Amino acid sequence: MSAAFAHNSGQNGTPAEPPSGHTPAQAGELPKQYKPADHEQRIRARWDEAKAFHADPQRVLRGEAKPYAIVIPPPNVTDRLHLGHALNNTLQDVLARSHRMMGFETLWMPGTDHAGIATQAVVERRLKKEEGISRQQLGREKFVAKVQAFKDEYEKIITDQLKLMGCSCDWDRQRFTMDEVCARAVREAFFRLFKDGLIYRGKRLVNWDPVLQTAVADDECYDEEIDSSFYYLRYPLREMVKGPKGHNAKVSAADTIPISWNELARRGYPGAEQHGGEEQAWVTVATTRPETYLGDTAVAINPKDPRANSLRGLFVELPLVGRIIPVIEDDYVVLPAAMQADPEAAKSDPKAVFATGFLKVTPAHDPNDYEIGLRHKAAIEACGNPVMINMLAPDGSVSDKHGWTDVGDAHLFVGLPREKARKKVLEEFKVRTVDNSTVSLLAETKPYRHSVKHSDRSKAIIEPYLSDQWYVKVTDDRLAPAANRALVADQRKSEQQSGKAADGDGQLRFYPARYAKTYEQWHDGIRDWCISRQLWWGHRVPVWRVQLVPQADDTAAQKSLSLAIDSISDALDEAKQQGNYHILADMARAEEICVCVRNNEAHVRMEQFAKSHADAHPTRSGMRSLIESVQQDTDVLDTWFSSALWPISTMGWPSPQLAGKGFEGLLQAFNPTTTLCTAREIITLWVSRMVMFERYLMPEKWEAEKTKPAALVSLAENGEGRGPLPFNNVYIHAVIQDGEGRKMSKSLGNGLDPLDIIASHGSDAMRFTLCQMTTQTQDVRMPMVKDPATGRNTSPKFDLGRNFSNKLWNAARFTMSMLGVSSHPTSDIPHPTSLIDRWMLSRLATATKEVNDAIGNFEYSNYAQTMYDLLWRDFCDWYLEAIKPTIASDKSQQAVLSTTLECILRLLHPIMPYVTEAIYEQVRSLPGGTISGITLTPPRKAGLLCTSGWPIASDSLRDSSAESAFERTRSLITIIREARSQHQVPPKRKVTLHAPASLLKPEEVALVQTLALIEAIDSTGTSPAGAIALTFEGKQIHLSNLRDAAAPGSAGADDAERERLSKIIGDSEKSISTLEGRLNNPGYAQKAPPAMVKQTQDQLAKAKADRDAARASLAALGGA
RNA sequence: GGGCGGGUAGCUCAGUUGGCUAGAGCAUUCGCUUUACACGCGAAGGGUCCAGGGUUCGAGUCCCUGCCUGCCCA
């Protein structure tokens, strides 16, 4: 089957496998190779039919099972899943499946995220490409319908991908961040935060994408260097001649006069005398964005600048605009390199090199200037200017419609896009001069390469832009600080430092622990969260804005405001609505009333109110004379707002009753969820917000609340940020990079599609490999190659998992063939006493413990590696090979074989669900028998392995004497194998071992015979000529009968033997010198633990014995 | 600028409280159509554990400094 076939299947949703009509074959008929495509679809169908992954909250509430819950980090519907998703979801599935088998009532909640800006951008691009129109041309309603259709398409692709990966999600409960259940949660959360004053509207500088025309978050931007220039503009200096006009009245040029260089010189301005005496003086500002001068409201100088003193109290006039703005002093201004304390050092700072010491201050168009503007509000406003003057339209063109009023002669720039405006400004400055002089307003231009913020989605250069946005006041003690208090004590910095429990109250734990620090520091430096986006795809802000008719004076305005509020309340019948509205108005400004609606019913009423207002006859008095317009806020919420509610919204919060039938008891049973499994950049974007919201929105006494009968549980109470956590553990996994350590991305073409891997290697192989590479580091590399046959990317790393699946398959095939031929076991199986069986059970018990520890600590690589060694090394290489002669007749051994295989299947199932389930179909009907000390609880549903019990292996099975005895036998076998290989003994030839009878017990002899191909052991104490000598535990033993006497090649046998012995002597001597060196160190015997010294002495004795024996053999050969 | 990782065999990575004469898989070499598996079996070669200091009887592991590299936050 081809990769292309499977790939298509992902898109149309048809499972990848060809129709097989497969019924479980008899053991003997199983094919030699495990073909994933022959099984995966059938297995998945069996899981689905049995509803094997459907969680029942009632079992938890009745106390029949403990809960285990994971919510999926909802993938964006923007695109199909990549390998990072495959990793993330495999890790979750391993947790879900293992805990389900351990007896927990396990809920893995699936779903997808609407991904506001990302999805809108993709659909907009599609629309432009396919239909050649913009979303504005299509209109909001039709556009949203298009996005909805796109979402449906990708939601299906993603769901199918997850299913093909084998994810054991509770598919009946699948959610989408914009479905009705989640939307209810969003409205409720917004309402409560709004009512409690934790959501506000404010004019701030945001990252503005002028192409998509929306605010974007920092994480939706990237920095990229561009070639640009520093432009040096001259602003003519003036001084005020008239006294203060009224309070903050506009100062005009007429209120000021030009100031000359002579006057500046008189004021002590260094170097003023070098300029033209009575000509008007100027200052030079350096900028990369000259067009923004239209919005300048000050010019700043560093107070340490020697020129500052003489300029204090002066002004500049903005050319063409004519605006008079003050010279202010602010530490932020970078001093030119020459003025700095260490001019040489300053030369490495490009800003200092390019600086003039004067900074144009444009608060509405630069974040630093914004801060400066706020610091010097009084000085700026004294000139009659607002601190912020916005001179751009949302599309990035120069505009006098968005807050810029004193246009003056600058009208020639209005309407120009950013780039054209820049050119035009430079042209105008170049040809104009400072009054009364010949000095050009444009001093010079210097090329400058610097980093500029771009929008991820449109690639446009970000414009810092002043606009009205909604904010969540996360700095409030009930939000970010409460999130930090949620950390467990030993992961909190403050408590680690003080050594005592401070105000922490939570159980939130990060794995690996270092990420707690990332989390804590994020909250320490957090700023209020801008939650509004000027998009069409998302949850619309549930606030209606009521504009009032302007009134003649403040008193009238306030009166009209009160009347309007009353009339709105009446219209909405607020009293009967039981607090479903929150009406907010700024009494001082009295221009607008905000009505926040809590639910859909309230929304509909508000809609009707708006309609009735619009329909009202203009001449009628009453409401119409008070209210100008009524409309819902057009913004939508940041995607993370709905994501932040995911753990509770998916379970029906705020109203399981309204959410529907399947939601009863879900929150009570599964909240807080157990573990969140995600990537590290998500700590700040998502983890933090989920903790803040849930702690704030859920009832403070949730532990007590959730034990009440369902009907009495109240979800409507706000805590003070002391509510329950959304999850107790946060596991942060690695990021998969390509072979060169680069991020996988579409543009680099180095990404891997999970479905391609599944098609070429099988789902289990992919999962095993991903687990195996998941260590505690932060990045893992995945070398990628293009498959020439399919043209698709793949990686040879997945061969590991494919080979391992196949190994398991064949081990099972062999086991079945062995047990299939035997008669059914009697009811009383003797306790296994043979060395090899005791050894196998001991290894099994040890591995089980290691796997349990690994799962508990999220050590996926250890888990996979332990299973690899158990199955491949212990079970296949040694156990299966060793039992071949005895298995057919040994009932006890049959039970060990059968039980061990079943334990391996169960232990491996969470990582490799398909192949283990497929084998289990066969194994269940095999004769076996139980082994005391091993508990294998039968499946709960439909005989499925995925619902069977996790194996329990008693510690009593761990048998150190069996392990050491086997270890000793194994080393003898290895020595013999090495000698055979070096002497090129034909692989099938059985040789003769000459060794004392006391060396090995009979069952050990049997193992050596089987595994090293020994025909017989000769204990007569003699060995024939031509026998070779081996050293085992410092004693000489011999091997003979290596080949037929007449066989060719025997002539060279002595040389081979000499070479072999020389190597042993060399290796031994190297060891001897290392070990002697250690023992001769005087401090060693005195300070090292005695057991350590003893061990070294033993090692030395053995090395010496090995060397001496090899020397003796070499001498006997007549060698050097 | 602040924080967090990584640097060990040709490649990808393990190496948990210091005890190591440093491991695995892949790749390489040699031998095998061994009736579970060639997606396999047996054997072999391959390392200045980034560099330099320090602590210690003993350092891949702990401490300091530096270099390279990646990520997150500003």
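Just so you know, these numbers use all the heavy atoms, side chains as well, and skip hydrogens, waters and symmetry mates. Numbers restart at 1 for each chain; the letters A, B, ... are given by sequence-line order, proteins then strands. The structure displayed is predicted, hence computed values, not measured ones.
Among the atoms of the strands shown, none is found under 4.0 Å from any heavy atom of A:I683. Residue A:T777 is in sugar-phosphate contact alone, with no base atom involved, counting any heavy-atom pair closer than 4.0 Å across all strands shown. Residue-level contact check: A:S861 touches neither bases nor backbone, having no heavy atom under 4.0 Å from any strand. Using a 4.0 Å heavy-atom criterion, one finds that A:Q984 contacts no nucleic acid atom at all. Among the protein residues, A:E859 comes within range of no part of the nucleic acid, since none of its heavy atoms lies under 4.0 Å from any strand. When heavy atoms are screened at a 4.0 angstrom cut-off, A:W809 is found touching no nucleic acid atom at all. Residue A:V780 is in sugar-phosphate contact alone, with no base atom involved, counting any heavy-atom pair closer than 4.0 Å across all strands shown. Among the atoms of the strands shown, only primed sugar atoms or phosphate atoms (P, OP1, OP2) are found under 4.0 Å from some heavy atom of A:R1078. Within 4.0 Å of A:Q1086, counting heavy atoms only, lies no atom of the nucleic acid at all. As judged by a 4.0 angstrom heavy-atom cut-off over every strand, A:R873 is placed among residues touching the sugar-phosphate backbone only. Residue A:D877 is in sugar-phosphate contact alone, with no base atom involved, counting any heavy-atom pair closer than 4.0 Å across all strands shown. Using a 4.0 Å heavy-atom cutoff across all strands shown, A:R802 reaches at least one base atom of the nucleic acid. Residue A:K807 is in base contact, counting any heavy-atom pair closer than 4.0 Å across all strands shown.
The partner of B:C13 is B:G23, by the rule that a Watson-Crick or G-U pair needs both atom distances under 3.5 Å. As the counterpart of B:U55, no nucleotide is assigned, since no Watson-Crick or G-U wobble pattern has both distances under 3.5 Å.
Positionally, the nearest nucleotide of RNA chain B for A:Y515 lies more toward the 5' end than for the other of A:K884 and A:Y515. The residue among A:A812 and A:D1067 whose nearest nucleotide of RNA chain B lies closer to the 5′ end is A:D1067.
Checked for salt-bridge contact, A:D869 and A:R873 miss the test: no charged N lies under 4.0 Å from a carboxylate O. Using a 4.0 Å cut-off between a side-chain N of Lys or Arg and a carboxylate O of Asp or Glu, A:D524 and A:K517 do not qualify as a salt bridge.
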*Go through the steps to decide whether A:V216 and A:D456 satisfy the test side-chain contact (heavy atoms from CB on, under 4.5 Å), and finish with yes or no.*
CA-CA 9 Å; A:V216 294; A:D456 243 348; over 6 Å; no
_A:N1041 vs A:R989, side-chain contact (heavy atoms from CB on, under 4.5 Å): CA-CA, chis, key distance, verdict_ = CA-CA 9 Å; A:N1041 194 23; A:R989 186 178 182 91; 3.0 Å; yes
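Annotation: B:G5 and B:C20 have their P atoms spaced 26 Å apart (nearest Å). Across the C1' atoms, B:G70 and B:C64 are found 23 Å apart, a figure rounded to whole Å. Atom name P, nucleotides B:A9 and B:G46: the rounded distance is 14 Å, in whole Å. Taking atom C1' in both B:C49 and B:G3, one finds a spacing of 27 Å when rounded to whole Å. Comparing the P positions of B:C39 and B:U28 gives an interatomic distance of 13 Å, to the nearest angstrom. Here the separation of B:G58 from B:G45, taken at their C1' atoms, is 30 Å to the nearest Å. For the P atoms, the distance from B:U16 to B:G60 is 12 Å, rounded to whole Å. The gap from the P atom of B:G42 to that of B:U33 amounts to 16 Å, rounded to the nearest Å.
Contact detail for A:A979 and A:I1028: the closest heavy-atom pair is CB-CD1, 4.0 Å.
Taking the six-membered ring where the residue is Trp, A:W686 and A:W640 present tilted rings, their angle falling between 30° and 60°. The aromatic rings of A:F804 and A:Y868 lie parallel to each other, their planes meeting at an angle below 30°, with 60° marking the opposite boundary. Ring-plane geometry between A:Y519 and A:F510 is classed as tilted, the angle between the planes lying from 30 to 60 degrees on a 0 to 90 degree scale.
Among the candidates A:F875, A:F814, A:Y920, the single residue satisfying the side chain to side chain contact (heavy atoms under 4.5 Å, CB included) test with A:L901 is A:F875.
Protein chain A contacts RNA chain B from B:G3 to B:A74, reading 5' to 3' and using non-hydrogen atoms of the protein with a distance under 4.0 Å.
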